[in-house]
> 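Have a look at this one before I ask anything.
Every number for a ligand or one of its atoms is a count from 1 in the order of the listing.
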Amino acid sequence: MAEEAEKEVTTFEDFKLNKQLLNAIEEAGYEKPTPIQQQAIPQALAGHDLFGIAQTGTGKTAAYLLPILMKVKYAQGMNPRALILAPTRELAMQIEENIGVLAKYTDLRYTAIYGGLGPKTQIEIISKGLDIIVSTPKRLLELYLKGELVLKELKTLVLDEADKMMDMGFMPQIRQLLEVIPRKRQNLLFSATMHDKVVELSEEFLEFPLRIEITPQATPVETVSQVLYQVPNLRTKIAMLEYLLKDKESFNRVIIFTRSKKNAENVAKFLERKEYGEVRAIHGNKGQNTRINSMEAFKSGEVRFLVATDVASRGIDVSLVSHVINFDVPFVYEDYVHRIGRTGRAENEGAAITFANEAEMYHVRKIEKVIRMEIPQEPLPEEVEIHPTPFDEQQEIARDIDHQKRLANPDFKGAFHEKKAIPKAKPAKSKGDPKNSFWQKTKKKGGRRR
Ligand code: AMP
């Protein structure tokens, strides 16, 4: 229970990553390593080959990137020392973006190359010197064969979504590449599934690999009913929350999940000011004792609302939680399953309600793939006032949507098309809270929580 939860919390500091990486992790808002990161990072740092079975949404990208960033450390020489192969340009771009986030405080040079665009710009970037390269197999081979890319200094090779690469028929290119790159290297292979073909590849490609398997708890418990509301903005999310919580009888023990500590604090303070009932907030910044006390108070029924970030979600073992409200959508998709699993425990009926703005709907669709079901959507109740979206928040949402479209189609040029800083791509801001003055506006003096 509470103690159990504490044991589970390995921190990023435990991995002995350098300061630059820890700062970037903190800035990205990652409070603690996901299960795949907990298992993979120490092993990869120790130099082992890995065979990781993990889907998108588990945090697998950072699981291999952080050890690579530790190893490559700083800009050096002209030729890449780490190569990450991905089946699609969408994934290649996503990985590049993740490097952007995690390598922010390093001087590392990196880029993603893929087909569908002429190679000229990519060749120019390569010629300026690179430390890490992300690529789809065909384009990589093409540039290598043209003599534009030197691969003899590679020390780490990652095959991401290896099963998809095989399904897409990239095996011949991968084989050709394996012939030309240094034999002495670290190999990290990630796949969403354990198809025979992937196992075969792993036997051929990996040396004494450690297998790490993250089986997402992919099916939500049956006793939990789920519903999704598309809510345009933060102010309306609050209105919707207020609307629901008026029903004191059925919403008697509620956990409200947020993605960030800041939102958790703000939601908790808001509820407190409105005096809907006792509130506690638990997140990564709260000490162990505070967290245990909050949990106990919630368990005993003394506290009606628990506002929590995902860090806390796994440790909450309270039966009779009437509702889980996802105030925002988790980006680690597995966390959705963990969050909603906090209700409907021990055969009790439970309900999970998710609020998603237009940009978050993209992640809802991905979550639906992970849980292999559609979350039933309902229109906002008529009584809930739909507030206009403030300019800043509107910009943030539009930027997120543009960003998603750009990932799906690199040629897409939206209103917020962000010019790629070359060779160091500046990641589009897709996470964190919309900068919003709403919380400030609702602040009243005297609101204080124990
Ligand atoms: P991936 O499975 O690598 O596609 O990651 C899914 C999402 O989770 C991405 O948006 C990451 O930025 C985010 N993420 C990765 N690691 C963590 C973490 N430890 N805590 C919170 N979010 C994370």
> Examine T56 against ligand 1 and note whether any of their N/O atoms are separated by less than 3.5 Å.
no
> Please work out whether any backbone atom (N, CA, C, O) or any side-chain heavy atom from C-beta onward of F12 is under 4.0 Å from ligand 1, and answer side chain, backbone, both or neither.
side chain
> Looking only at heavy atoms, which two atoms of E272 and V279 are closest? And how far apart?
N-CG2, 4.0 Å
> Going by an N to O cut-off under 4.0 Å, is there a salt bridge joining E396 and R399?
yes
> What part of Q37 sits under 4.0 Å from ligand 1 if we count only heavy atoms: the side chain, the backbone, both or neither?
side chain
> With a 3.5 Å cut-off and no angle check, do the side chains of E31 and T309 form a donor-acceptor pair?
yes
> Under 4.0 Å between a Lys/Arg side-chain N and an Asp/Glu carboxylate O for R185 and E153?
no
> Is it true that R259 and D310 make a salt bridge, defined as a side-chain N closer than 4.0 Å to a carboxylate O?
no
> What atoms of ligand 1 come closer than 4.0 angstrom to any heavy atom of G57?
1 (P), 2 (O), 4 (O), 6 (C)
> Closer than 4.0 Å to some heavy atom of G59 - which atoms of ligand 1 meet that?
1 (P), 2 (O), 3 (O), 5 (O), 15 (C)
> Run the salt-bridge test on E213 and R211 with the 4.0 Å N-O cut-off and return the result as yes or no.
yes
> Given D160, V332, T61, which has its nearest heavy atom closest to atom 22 (N) of ligand 1?
V332
> Go through ligand 1 atom by atom and flag the ones less than 4.0 Å from a non-hydrogen atom of K32.
18 (C), 19 (N), 20 (N)
